[in-house]
Structures are given as structure tokens and as C-alpha cells.
Amino acid sequence: QATAVALGFDGPTRNSLDSVSDRDFALDYLMAAVQCSLHLSRLAEEFVLWASQPFGFVALSDQWSTGSSIMPQKRNPDAAELVRGHAGRISGCLVSLMVTMKGLPLAYSKDMQDDKPPVFECHDLLAISIAAMTGMIESATFRTDRMRGLAESGYATATDLADWLVREANVPFREAHHITGRAVARAEALGCTLDAVPLADLQAIDARITDAVYGVLSVDASVASRRSFGGTAPDNVRAAIRAAREAHT
């Protein structure tokens with residue numbers, strides 16, 4: 001009991017064989033680290049894509065990116081790529097210890113001294129990954145104009161038109177789907193977004209469409225309408241952010 005208290009544990013283990021044969025504490029840590037690193041890796045992949053020329057959603061600071069060795073205009077998202085790569089090594093640390101432990105009988109075997117390298121390596125890699133992602137995100141510049149421009153392309157609010165026809169005009173969804181397809185074709189012919197198609201053109205497609213439809217056809221209106229639990233309306237997102245911050249303070 002005195003040893004446990006001195007080392008900061010709740011108490012001693014209740015079985016001596018368990019004391020020397022168990023490495024669950026190390027595996028639990030590694031599993032938690034792997035889960036964290038996988039989330040970081042997926043976020044890093046988003047930044048790699050967002051920073052690429054076809055997307056252009058974000059500009060990374062010089063501190064967390066480097067110039068290309070051959071293309072002077074290019075910035076490489078080094079921090080994000082290294083975080084993504086570290087996730088593979090961290091996952092390997094977990095697999096390494098699991099494979100070491102899988103065939104061992106009770107209680108202690110010398111194999112178990114190999115528990116330390118994967119745990120220590122994992123710890124260092126995860127710490128670097130968290131620090132890198134924190135710094136990269138804090139210093140990143142988000143190009144919201146570019147994001148909005150792409151969000152408004154591709155007629156993403158077509159489903160909102162179909163839903164409006166079902167909800168407001170009592171049109172069966174199958175029919176609403178066809179009506180919406182014709183409306184999109186008209187927008188393409190006019191070279192404009194769906195919410196810029198004149199009302200007369202929409203009513204020529206289906207007379208049940210009224211000017212109230214413009215309340216759902218813009219990108220802002222489409223996003224704002226997702227108010228159900230877990231939805232992506234701005235108020236929902238702000239509430240989710242507040243809840244997350246309160247849960248981790």
C-alpha cells in the first residue's frame with residue numbers, strides 16, 4: 001500500500017502473477033494514442049487537400065510549410081504530411097506490443113522488456129503530432145471566398161428545391177426529382193446558379209413553384225435550414241463548439 005501511494009496509484013494489484021504478466025496499461029495507452037493519431041491524420045489529410053491548388057481552401061504559414069525543391073511557386077504542407085505519416089508509425093507501435101504479448105504464457109518473460117520502445121516512441125510521435133497540428137491550424141489562413149465559390153457551384157441546393165416542392169407544394173418526391181432536374185438544366189443553359197434562375201423560368205417548368213422557393217435555394221439558406229439535432233446550421237455548429245469546450249475545461 002505504501003509503495004502504491006508513493007507512486008501515485010490507487011492501490012496495489014491484487015494478484016502477484018497479474019502484476020508481472022499484465023501489460024494492459026501499456027496497450028490501453030497505445031490504443032488511445034492510436035485513436036488520437038488517426039483523428040489527427042484525417043485532419044492532416046484534409047489540410048493537405050485544402051492547401052492543394054485544385055482546392056485552395058487554406059494557406060499555410062511559412063513556419064509549417066516549405067517551398068518545393070523544383071517549383072518555386074509551390075508550398076508543401078510538411079507538418080500535415082508528417083502528422084499523417086506519424087499515424088502509421090504510432091499504429092505500428094500498438095501492433096508491435098500486441099504481437100509481442102499474444103503468445104506469452106503467465107507470468108513474466110524477457111520478451112516483455114520490449115514493451116518500452118513502442119510506448120516511448122509512440123509518446124514522442126504523438127506529442128510532436130499534437131504540437132504540429134496545433135501550430136499549423138492556429139497560423140493557417142482560411143480562404144472563405146474560395147470555399148463559398150465552390151459551394152455555390154455544382155447546384156448543391158437542388159435537393160433543397162426538391163424538398164421544398166414536397167413540403168410546400170405537396171409534390172411526390174419522384175416527381176419533384178424530375179422537376180428539379182429540369183430546373184438545373186435551365187440554370188446550366190443560363191449559366192447561373194439555381195437561386196438566380198428567374199421565377200418565370202421556374203414556373204414555366206412547374207406552375208406550383210412560387211417566389212417563396214428562393215428562401216431555400218441559396219447556399220446560406222440551405223446550410224441554415226439544417227437545424228435538427230446534429231445538423232450543420234451555424235447555430236448548431238456554434239452550440240456544438242461551446243459544448244466541446246465546456247467538456248474539456
Side-chain angles (χ1 to χ4, degrees), residues 31-95 121-122 124-160 184 187-188 191-195 217-226 228 230-245 248:
M31 177 58 73
V34 167
Q35 289 177 315
C36 182
S37 71
L38 291 179
H39 287 299
L40 290 174
S41 180
R42 295 180 67 179
L43 181 58
E45 171 64 8
E46 294 280 348
F47 271 80
V48 171
L49 290 174
W50 292 352
S52 66
Q53 187 174 3
F55 286 81
F57 291 169
V58 64
L60 302 179
S61 68
D62 291 345
Q63 183 181 2
W64 301 101
S65 61
T66 61
S68 167
S69 60
I70 189 171
M71 294 177 285
Q73 84 286 0
K74 187 174 182 289
R75 302 297 300 176
N76 293 321
D78 289 358
E81 290 175 352
L82 289 171
V83 168
R84 190 176 57 184
H86 287 350
R89 293 174 61 187
I90 292 171
S91 298
C93 291
L94 171 63
V95 173
E121 179 183 11
C122 172
D124 293 345
L125 290 173
L126 184 61
I128 292 172
S129 297
I130 292 173
M133 288 301 294
T134 301
M136 186 181 69
I137 292 173
E138 286 179 341
S139 61
T141 301
F142 293 92
R143 296 183 54 195
T144 54
D145 56 333
R146 173 69 173 169
M147 295 178 183
R148 171 174 286 278
L150 288 179
E152 291 176 343
S153 66
Y155 307 102
T157 60
T159 302
D160 296 86
V184 170
E188 289 177 331
C192 65
T193 58
L194 201 55
D195 61 324
L217 290 184
S218 70
V219 169
D220 292 289
S222 176
V223 174
S225 69
R226 270 59 185 182
S228 60
T232 54
D235 288 343
N236 289 44
V237 173
R238 294 187 188 100
I241 292 172
R242 285 196 300 271
R245 285 175 173 166
H248 293 85

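Since the model is a prediction, treat every value here as computed from it, not as a measurement. We're numbering straight along the sequence, starting at 1.
- With sequence neighbours excluded, the residues that form a salt bridge (Lys or Arg N to Asp or Glu O under 4.0 Å) with Asp220 are Arg148.
- Rounding to the nearest 0.5 Å gives a distance of 9.0 Å between CD of Glu81 and CD of Glu45.
- Sorted by first and then second residue, the salt bridge (charged side-chain N to carboxylate O under 4.0 Å, His left out) pairs involving residues 47-66 (not counting sequence neighbours) are Asp62-Arg75.
- Atoms CD and OH, on Glu188 and Tyr155 in that order, are 5.0 Å from each other to the nearest 0.5 Å.
- The nearest pair of heavy atoms linking Val223 to Pro234 is CG1-CD, 4.0 Å.
- The minimum heavy-atom distance between Ala33 and Cys122, with the atom names listed, is CB-SG, 3.3 Å.
- The structure places CD1 of Ile90 at 8.0 Å from SG of Cys36, a figure rounded to the nearest 0.5 Å.
- The shortest distance between side-chain heavy atoms of Leu43 and Ile137 falls below 4.5 Å.
- When all heavy atoms are compared, the tightest approach of Arg226 to Asn236 is O-ND2, 3.9 Å.
- Nearest heavy-atom pair across Trp64 and Ala132 is CZ3-CA, 3.6 Å.
- At least one donor-acceptor pair closer than 3.5 Å links the side chain of Ser65 to the backbone N or O of Ser61.
- A donor-acceptor pair is defined here as one N or O able to donate and one able to accept, closer than 3.5 Å; no such pair exists between the side chain of Ser228 and the backbone of Gly231.
- Using a distance-only test at 3.5 Å, with no hydrogens or angles considered, a donor-acceptor pair links the side chain of Ser37 to the main chain of Val34.
- Taken from CG in Leu125 to CZ in Arg89, the straight-line distance is 4.5 Å, to the nearest 0.5 Å.
- Taken from CG in Leu150 to CG in Asp145, the straight-line distance is 10.0 Å, to the nearest 0.5 Å.
- Using cut-offs of 30° and 60° for the angle between ring planes, the Phe55 and Phe57 rings count as perpendicular.
- Counting all heavy atoms, side chain and backbone alike, Ala140 lies closest to Leu60 at CB-CD2, 4.3 Å.
- A donor-acceptor pair under 3.5 Å is absent between the side-chain atoms of Arg42 and the main chain of Leu38, judged by distance alone.
- Residue Ser222 is tested with Thr232, Asp195, Asp160, Thr157 for a side-chain hydrogen bond (donor to acceptor under 3.5 Å, both in side chains); the sole match is Asp160.
- Residues satisfying the side chain to side chain contact (heavy atoms under 4.5 Å, CB included) test with Val95, not counting sequence neighbours, are Met98, Val99.
- A donor-acceptor distance shorter than 3.5 angstrom exists from the side chain of Ser91 to the backbone of Ala87, with no hydrogens or angles considered.
- Between Arg84 and Ser41 the shortest heavy-atom distance is CG-OG, 3.4 Å.
- Interatomic distance, Glu138 CD to Gln63 CD, rounded to the nearest 0.5 Å: 9.5 Å.
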